[in-house]
Amino acid sequence: MLTLAFDTATSVATAALVREGELLGERVSRAVRVLEDADELLRDAGVGQGELTGIVVGTGPGSFTGLRMGLAAARGLALALELPVAGVSTLAALAAGAPDALPVIDAGRREVFTLSDGGEAVCRAPQALELEPGTLCVGDGALRYRAALEERGARIPPDEDERHLPRARFHAELARDFGPAELVEPLYLRVPDAERNA
């Protein structure tokens, strides 16, 4: 299986090309470059679009705009290339890249997205996260709220540590249930700001 995977839910987008579990290439950029990154990955690996067998897209939670961009790209590629798509939680991918850590994504409005009781959750303030002393926290939310989390006994890797990125290679690894692109839905844990303000 040759899989193109990408995630655009956070401020840093990632894309990867994976064949039978082997990473052929990976890119870290911004959501607006996801299709360019995909094209570069294919070219660098010497692989044609027709060889792809599936697409994996990050479903969030994260930025509403970023999520929509990623899902639109996945749906467009799936339609054009007649490929099945699988969605993978951005938090699950972060957790796969740092199995001993709590993933924390910046949700804006001084909130964070995290895993709680086996599922995705929004936490109304980083200070309200349930943390054991010494808990390792990763993700852009952990970076943004480093001081508040460290005050509560959390450990945060250095800013440049790759565990803070939802690497698309982990999306490919976690992907299951490939099917029609239109069945893959974003994981919204709250109402968008535009709807809230209306």
Check: R167 main-chain N/O paired with H171 side-chain donor or acceptor under 3.5 Å: yes
Does this structure show an ion pair linking R169 with E162, if we count only N-O contacts that are shorter than 4.0 Å? yes
Looking at R30, R27, E26, which one forms a side chain to side chain contact (heavy atoms under 4.5 Å, CB included) with D37? R27
Minimal non-hydrogen separation, L52 against T3, with atom names: CD2-C, 4.3 Å
List the steps, then state whether side-chain contact (heavy atoms from CB on, under 4.5 Å) holds for T90 with F113. CA-CA 10 Å; T90 302; F113 298 122; over 6 Å; no
Quick check for you: to the nearest 0.5 Å, what is the distance between L17 atom CG and L23 atom CG? 8.0 Å
With E182, which residues qualify under side chain to side chain contact (heavy atoms under 4.5 Å, CB included), at least two apart? P180
Check against side-chain contact (heavy atoms from CB on, under 4.5 Å), Q49 and L42: CA-CA 7 Å; Q49 294 176 349; L42 291 169; 3.9 Å; yes
With side-chain contact (heavy atoms from CB on, under 4.5 Å) as the criterion, how do T135 and R155 come out once you've worked through the C-alpha distance, each side chain's angles and the decisive distance to 0.1 Å? CA-CA 6 Å; T135 298; R155 294 180 299 119; over 6 Å; no
Nearest heavy-atom contact between Q127 and A148 is NE2-CB, 3.8 Å
Between D140 and R144 (salt bridge meaning N to carboxylate O under 4.0 Å), is one present in this structure? no
Sidechain N-carboxylate O distance under 4.0 Å for R19, E22: no
Evaluate the side-chain proximity of L102 to L136: yes if any heavy-atom separation is below 4.5 Å, no if none is. no
Taking side chain as C-beta onward, heavy atoms only, is I105 less than 4.5 Å from T114? no
Quick test of your reading of the model: are R146 and D159 salt-bridged, counting only N-O distances below 4.0 Å? yes
So how far is it from D39 CG to R43 CZ, rounded to the nearest 0.5 Å? 4.5 Å
Please indicate whether E185 has more than 12 foreign heavy atoms, meaning atoms of other residues, nucleotides or ligands, lying under 6.0 Å from its CD. yes
What one should report as the nearest heavy-atom pair of L189 and P61 is CD1-CG, 3.8 Å
All pairs passing side-chain hydrogen bond (donor to acceptor under 3.5 Å, both in side chains) where residues 69-80 contributes a residue, at least two apart: none
Within the distance-only criterion (no hydrogens, no angle test), does the side chain of R152 pair as donor or acceptor with the backbone N or O of L129 below 3.5 angstrom? yes
Check: L2 main-chain N/O paired with T53 side-chain donor or acceptor under 3.5 Å: yes
Are L183 and V88 joined in one hydrophobic group, where the rule is that I, L, V, M, F, W and Y side chains link up if heavy atoms are under 4.5 Å apart? no
Determine whether a donor-acceptor pair (N or O, by modelled atom type, separation under 3.5 Å) exists between the side chain of E150 and the backbone of A147. no
ILVMFWY cluster, V112 and L91 together (side-chain gap under 4.5 Å): no
Do you know which two heavy atoms are closest between E111 and V122, and how far apart they sit? OE1-CG2, 3.8 Å
Heavy-atom side-chain proximity of T10 to D106 below 4.5 angstrom: no
Step by step, work out the side-chain contact (heavy atoms from CB on, under 4.5 Å) result for V138 and V104. CA-CA 6 Å; V138 298; V104 183; over 6 Å; no
To the nearest 0.5 Å, tell me how far L115 CG sits from S89 OG. 6.5 Å
My understanding is that only residues two or more places apart in sequence, or in another chain, count here; which of them pass side chain to side chain contact (heavy atoms under 4.5 Å, CB included) with D117? none
For A168, is there any backbone N or O sitting under 3.5 Å from a side-chain donor or acceptor partner on D7? no
Single-linkage hydrophobic cluster V56~L35, side-chain heavy atoms < 4.5 angstrom: no
Of all the heavy-atom pairs spanning I55 and L77, show the shortest one and how long it is. CD1-CB, 3.5 Å
Does atom CG (D177) have a neighbourhood of more than 12 heavy atoms from anything else shown, all under 6.0 Å? no
Report whether V85 and L79 are members of the same hydrophobic cluster (ILVMFWY, side-chain heavy atoms less than 4.5 Å apart, transitive linking). no
Strictly distance-based, threshold 3.5 Å: is any side-chain N or O of T8 a donor or acceptor partner for the main-chain N or O of G70? yes
Tell me whether L83 is reachable from V184 by hopping between hydrophobic residues (I, L, V, M, F, W, Y) whose side-chain heavy atoms are closer than 4.5 Å. yes
Would you find a donor on one side and an acceptor on the other, under 3.5 Å apart, between the side chain of T59 and the backbone of L187? no
If I compare all heavy atoms of R176 with all of A86, which pair ends up nearest, and what's the gap? O-CB, 3.4 Å
Quick check against the 3.5 Å criterion: does H164 have a side-chain atom that pairs as donor or acceptor with the backbone of P157? yes
